[in-house]
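The figures that follow rest on heavy atoms only: side chains count, while hydrogens, waters and symmetry mates do not.
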Amino acid sequence: MSKRILWKDAWQAISRSLGRFIAIFLLMAVSAFALIGLKITGPDMRQTANTFFAQHHLADTTITSNYGLDSRDRQIIRQQKSVKQVDFGYLQDSTIDQTKRALRIFSQTNGVSSWQTVSGHLPRHDNEIAVSYLLKGKYHIGQWITLKQAGSLKHRQFKIVGFVRSSEYLDRSDIGQTTVGTGQLSGVAVVKKTAFKTGTAYAIARITYNQTAKMNPYSARYTNYVEKQQQQLKKALNRHGKTKQQKLERQLKAAQQQLTQATQQADLLQQKNAGAGNAVLIQQAAALKKQQTKLKQLGTPTYTLSDRTENPGYAIYRSNAERVDILANVFPVLLFAIAALVSLTTMTRFVEEERIQIGTLKALGYSNADVAKKFALFSLLASSAGVALGAWGGFMVLPKIIFKAYAANSTLSGFQIHFSWALLLTTWLIAILCTTGAALWALHRDLKAKPAALLLPKPPKGGSRILLERWHWLWNRLSFNYKVTMRNLFRYKSRALMTIFGVAGCTGLLVMGFSIRDSLSGISNIEYSRIIKYDLIAVQNSNSSAKQQRQLKNELNGKSVKGHTGIYFEQLTKKVGDDDATQSISLIVPNNEKNFKQYFAVKNRQTKKTLKLPQDGVIISEKLARLLNAKKGSSIKLKDASGKWRTMKVAGIMEMYIGHYVLMSPQAYQKIFHQSYQTNAQLITLKKGAKLQQESQRLMATGAVKGINQNVNNQRTIDNIMGSLNRVMIILIGLAALLALVVIYNLSNINIEERMRELSTIKVLGFYDQEVTLYIYRETIILSVIGILLGYLVGIGLHRFIILSLPPANAMFDPTMTLINFIVSALIPAVITAGVAMAMHHKIRSVDMLDALSSVD
């Protein structure tokens with residue numbers, strides 16, 4: 001039997017039902033765009049980073065020591081069997097003369113953690129320097145800069161010969177802290193290794209391991225392997241550290257004896273009026289005393305081994321990629337669920353419209369498979385074309401947009417786009433299941449019927465009494481039009497449910513998107529105005545002289561400082577979270593709790609009650625409590641700066657959105673740390689108009705401050721992170737709005753097409769065009785309102801899930817949902833419904849009543 005007419009009819013079905021074809025095309029395009037785009041972005045971001053790290057051989061471990069790395073340290077490191085390559089280098093922090101900018105200057109590496117040249121070239125002579133490309137607007141190639149602190153460098157003046165990108169510093173805004181300038185680094189730079197003075201101990205060692213080159217650096221396998229190697233290496237270094245400590249103690253003892261002898265001899269010579277000899281001895285005594293003080297300041301030899309997660313920006317970038325993964329597991333699922341429901345309704349209606357055609361083909365002797373070809377072709381072409389367009393945008397467009405949003409905070413560039421056949425085929429199969437599968441499911445009932453039955457029009461659904469009619473007090477008060485509307489709602493149950501679920505899904509996504517934006521927008525302002533009220537923390541130098549301490553006191557009482565209070569400050573650490581990254585936790589022990597309340601609001605977020613610092617427990621921030629799964633009364637363990645684990649009981653959980661904090665009283669500190677309490681830092685609030693950078697510089701210049709933590713840097717970092725997430729949420733809101741448009745238009749169009757004879761009948765009975773439109777559109781409005789209300793519940797659930805899983809490990813979102821978000825989320829589908837109503841009104845006006853009412857026999 002010839003199939004030419006069959007295929008001709010199949011192709012003509014597309015032009016006859018072009019609106020339906022376009023609706024399915026758009027549904028699949030939007031769904032595929034979101035699914036592929038969100039699913040591939042996370043891997044693309046990680047692969048971009050992996051390629052960059054591999055190209056520059058980023059160190060797996062870096063090692064520093066307060067005494068530097070001597071020859072024995074270097075020998076121990078090289079002897080580790082797992083070590084592939086090691087590079088020993090120098091570093092020096094210095095401010096650029098006449099400015100407040102502080103640079104961390106590194107020596108060039110030999111193959112490990114290499115530098116990427118952005119412009120110019122790397123230094124070729126000892127007096128040349130290449131600086132971070134982030135400072136490109138401040139300096140230019142060929143310019144000479146003078147360093148204020150030469151330190152271990154041979155020169156103070158350097159010529160800028162290039163701008164570079166460091167493979168170890170990935171954060172644009174939070175580069176790190178320093179002991180010079182304002183206490184905050186403005187950038188990094190690199191010079192030749194020979195630009196440093198010889199004979200000094202190396203300051204840093206960078207290591208790559210044999211096995212890690214084949215590992216995914218974001219995998220648990222990599223993390224566990226590096227941690228194991230670090231533990232073994234630290235044990236070996238600590239053994240040498242003990243030997244070094246014993247040697248230092250002997251040196252200190254000998255220096256003390258020499259100092260005592262020199263002092264005694266100086267006293268004797270003074271008695272004998274031997275001026276010249278006395279002056280020499282006094283100089284020797286001063287040198288010995290200086291050496292003794294230096295050894296005491298350095299304290300016990302310690303080694304710090306850091307993995308990649310402690311590089312500025314590394315953990316944040318990783319966290320950003322994982323946030324996209326979380327969205328990819330939620331947003332596209334809902335989109336495809338909505339698309340599947342609407343596609344099912346669309347294809348079911350298509351099959352019902354072609355009922356007589358199906359009967360004709362069967363009567364002519366065509367097989368069921370032949371009859372199904374038309375519907376399979378229609379759905380396959382619509383869905384495949386939609387997936388093709390959505391996949392192009394998902395692979396090529398959306399990942400770039402999201403990466404650009406996150407790259408605002410990162411120094412990484414060269415985003416790499418990857419193609420995945422597995423992801424494309426999975427998306428295509430899901431789309432086929434939603435469309436072709438739906439068509440064949442709707443078709444199978446008609447294929448079982450006899451041709452004679454199919455050649456007759458399908459009898460309209462009969463009306464029946466509805467539950468509402470039993471409520472006579474309400475039913476009797478309804479007008480005729482509303483009674484008809486209520487009966488039709490229950491008459492076409494499947495279409496009504498599809499409309500409700502479709503609108504509910506779109507509204508839920510809009511509520512989620514707008515609420516997440518609202519949760520993001522205000523947390524830094526809440527954090528640094530309502531909770532944290534100080535401007536900076538100045539960490540004091542424990543070995544400062546009496547003169548330096550007086551200078552600090554004068555500065556704290558100066559005209560720029562509004563107030564200050566003494567605290568004990570220390571950074572604790574703990575590896576927690578899904579990525580098992582090291583979290584930095586600020587320990588604050590106020591000297592005076594009453595004064596402390598002026599600088600720090602310690603409240604519970606739910607009860608809004610002020611929490612009092614207990615004498616035998618601690619108060620921790622809410623996000624830290626979540627990560628540790630801790631509640632009031634729980635015991636937690638945190639590692640202090642010396643590497644010891646400290647156990648503490650949670651007495652309360654305070655409101656905090658950014659960073660991790662542990663607060664305790666001096667009494668609790670003494671019980672937990674088994675040592676007497678003393679302040680080592682100041683919380684400082686500046687007067688209005690005071691310049692933060694200038695005040696930080698003045699504090700550092702006293703010599704009594706070794707580090708400053710500025711709130712403005714923390715706020716800038718979190719604002720950048722939240723701003724990136726905000727831009728991503730705008731994209732998702734746009735997709736949800738587009739889906740709402742397609743869903744409402746398609747369902748409204750199906751409703752009118754399905755009931756064209758009914759509409760023609762009431763027009764013949766004398767209904768005006770506006771009344772005919774309202775006759776059918778009242779149902780859509782009622783169903784949309786029900787869908788919007790149900791969507792509120794969906795949105796609340798999605799919002800709750802997202803705010804718990806989307807934030808980075810060191811932050812939490814504000815869970816408050818504002819009324820305006822619900823209003824805007826309802827207005828979008830409402831406006832779309834109104835717009836579609838006007839389009840449908842034009843269609844209803846153009847209906848040919850005689851043609852619609854003509855017999856189909």
Side-chain angles (χ1 to χ4, degrees), residues 37-62 113-116 118 132-134 164-176 185 187-188 212 215-220 222-223 226 306-328 398-418 520 575-584 658-659 713-714 716-729 805-811:
L38 291 175
K39 279 289 185 183
I40 203 69
T41 298
D44 278 355
M45 289 177 68
R46 284 186 286 271
Q47 187 57 45
T48 298
N50 292 349
T51 302
F52 180 78
F53 299 151
Q55 287 175 347
H56 296 280
H57 307 285
L58 181 63
D60 297 309
T61 296
T62 58
S113 295
S114 60
W115 298 75
Q116 182 185 61
V118 176
S132 170
Y133 78 101
L134 297 175
V164 292
R165 177 181 282 109
S166 169
S167 56
E168 294 180 330
Y169 288 78
L170 304 182
D171 198 300
R172 285 174 175 265
S173 55
D174 186 13
I175 301 172
L185 287 172
V188 293
T212 54
M215 295 181 186
N216 178 359
Y218 292 112
S219 66
Y222 171 86
T223 302
V226 171
S306 304
D307 58 23
R308 292 181 176 182
T309 61
E310 296 181 52
N311 290 349
Y314 184 95
I316 291 176
Y317 183 86
R318 172 182 178 174
S319 178
N320 288 338
E322 290 171 350
R323 304 286 78 77
V324 179
D325 293 339
I326 292 169
L327 289 173
L398 187 57
K400 286 183 178 179
I401 294 173
I402 296 177
F403 177 78
K404 188 176 181 181
Y406 284 122
N409 316 319
S410 176
T411 61
L412 275 175
S413 62
F415 183 63
Q416 296 183 352
I417 296 172
H418 298 88
L520 293 173
K575 284 193 173 184
V576 288
D578 295 333
D579 53 4
D580 201 32
T582 301
Q583 298 298 317
S584 180
I658 304 164
N713 289 332
N714 301 334
R716 189 185 302 119
T717 299
I718 206 68
D719 281 343
N720 287 339
I721 295 172
M722 298 310 168
S724 301
L725 284 172
N726 194 21
R727 287 187 284 271
V728 173
M729 295 314 299
S805 52
L806 190 62
N810 64 340

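Cation-pi geometry between Arg308 and Tyr314 is not met at under 6.0 angstrom from the ring centre and within 45 degrees of the axis.
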Trace of the side chain to side chain contact (heavy atoms under 4.5 Å, CB included) decision for Glu168 with Glu310: CA-CA 9 Å; Glu168 294 180 330; Glu310 296 181 52; over 6 Å; no

Thr41 vs Asp325, side chain to side chain contact (heavy atoms under 4.5 Å, CB included): CA-CA, chis, key distance, verdict: CA-CA 8 Å; Thr41 298; Asp325 293 339; over 6 Å; no

Audit row: Asn50, Gln47, side chain to side chain contact (heavy atoms under 4.5 Å, CB included) steps and yes/no: CA-CA 5 Å; Asn50 292 349; Gln47 187 57 45; 4.1 Å; yes

Test log, rule side chain to side chain contact (heavy atoms under 4.5 Å, CB included), inputs Asp44 and Phe415: CA-CA 8 Å; Asp44 278 355; Phe415 183 63; 3.5 Å; yes

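The nearest pair of heavy atoms linking Thr48 to Gln416 is OG1-N, 3.0 Å. When all heavy atoms of Val324 and Leu38 are compared, the pair lying nearest together is CG1-O, 3.6 Å. Nearest heavy-atom pair, Leu412 versus Phe403, reported as atom, atom and distance to 0.1 Å: O-CZ, 3.9 Å. Nearest approach of Ser166 to Val188, heavy atoms of both residues: CB-CG2, 4.2 Å. Closest of all the heavy-atom pairs between Ile175 and Pro312 is O-CG, 3.4 Å. Taking every heavy atom of both residues into account, Tyr317 and Ser410 meet most closely at CD1-OG, 3.9 Å.
You'll find the side chain of Asp307 stays beyond 4.5 Å of the side chain of Thr62, heavy atoms only. You'll find the side chain of Asp171 stays beyond 4.5 Å of the side chain of Thr411, heavy atoms only. Counting heavy atoms from C-beta outward, Tyr169 and Leu134 have side chains that stay 4.5 Å or more apart.
For Ser167 (side chain) and Trp115 (main-chain N/O), no donor-acceptor pair under 3.5 Å exists by modelled atom type. Under the 3.5 Å distance criterion, the side-chain polar atoms of Thr212 are left unmatched by any main-chain donor or acceptor of Met215. No donor-acceptor distance shorter than 3.5 angstrom exists from the side chain of Arg165 to the backbone of Gln116, with no hydrogens or angles considered. In this structure, Ser319 contributes its side chain and Ala315 its backbone to no donor-acceptor pair below 3.5 Å.
Here Tyr218 contributes atom OH and Thr309 contributes atom OG1; the two are 11.0 Å apart, rounded to the nearest 0.5 Å. Once rounded to the nearest 0.5 Å, the distance linking CD1 of Ile402 with CD1 of Ile40 reads 11.5 Å. Taking CG from Asn320 and CE from Met45, the interatomic distance works out to 5.5 Å, rounded to the nearest 0.5 Å. The line from NE2 of His57 to OG of Ser114 is 6.0 Å long, rounded to the nearest 0.5 Å.
The local environment of NZ in Lys575 is crowded, with over 12 non-hydrogen atoms from other residues, nucleotides or ligands closer than 6.0 Å.
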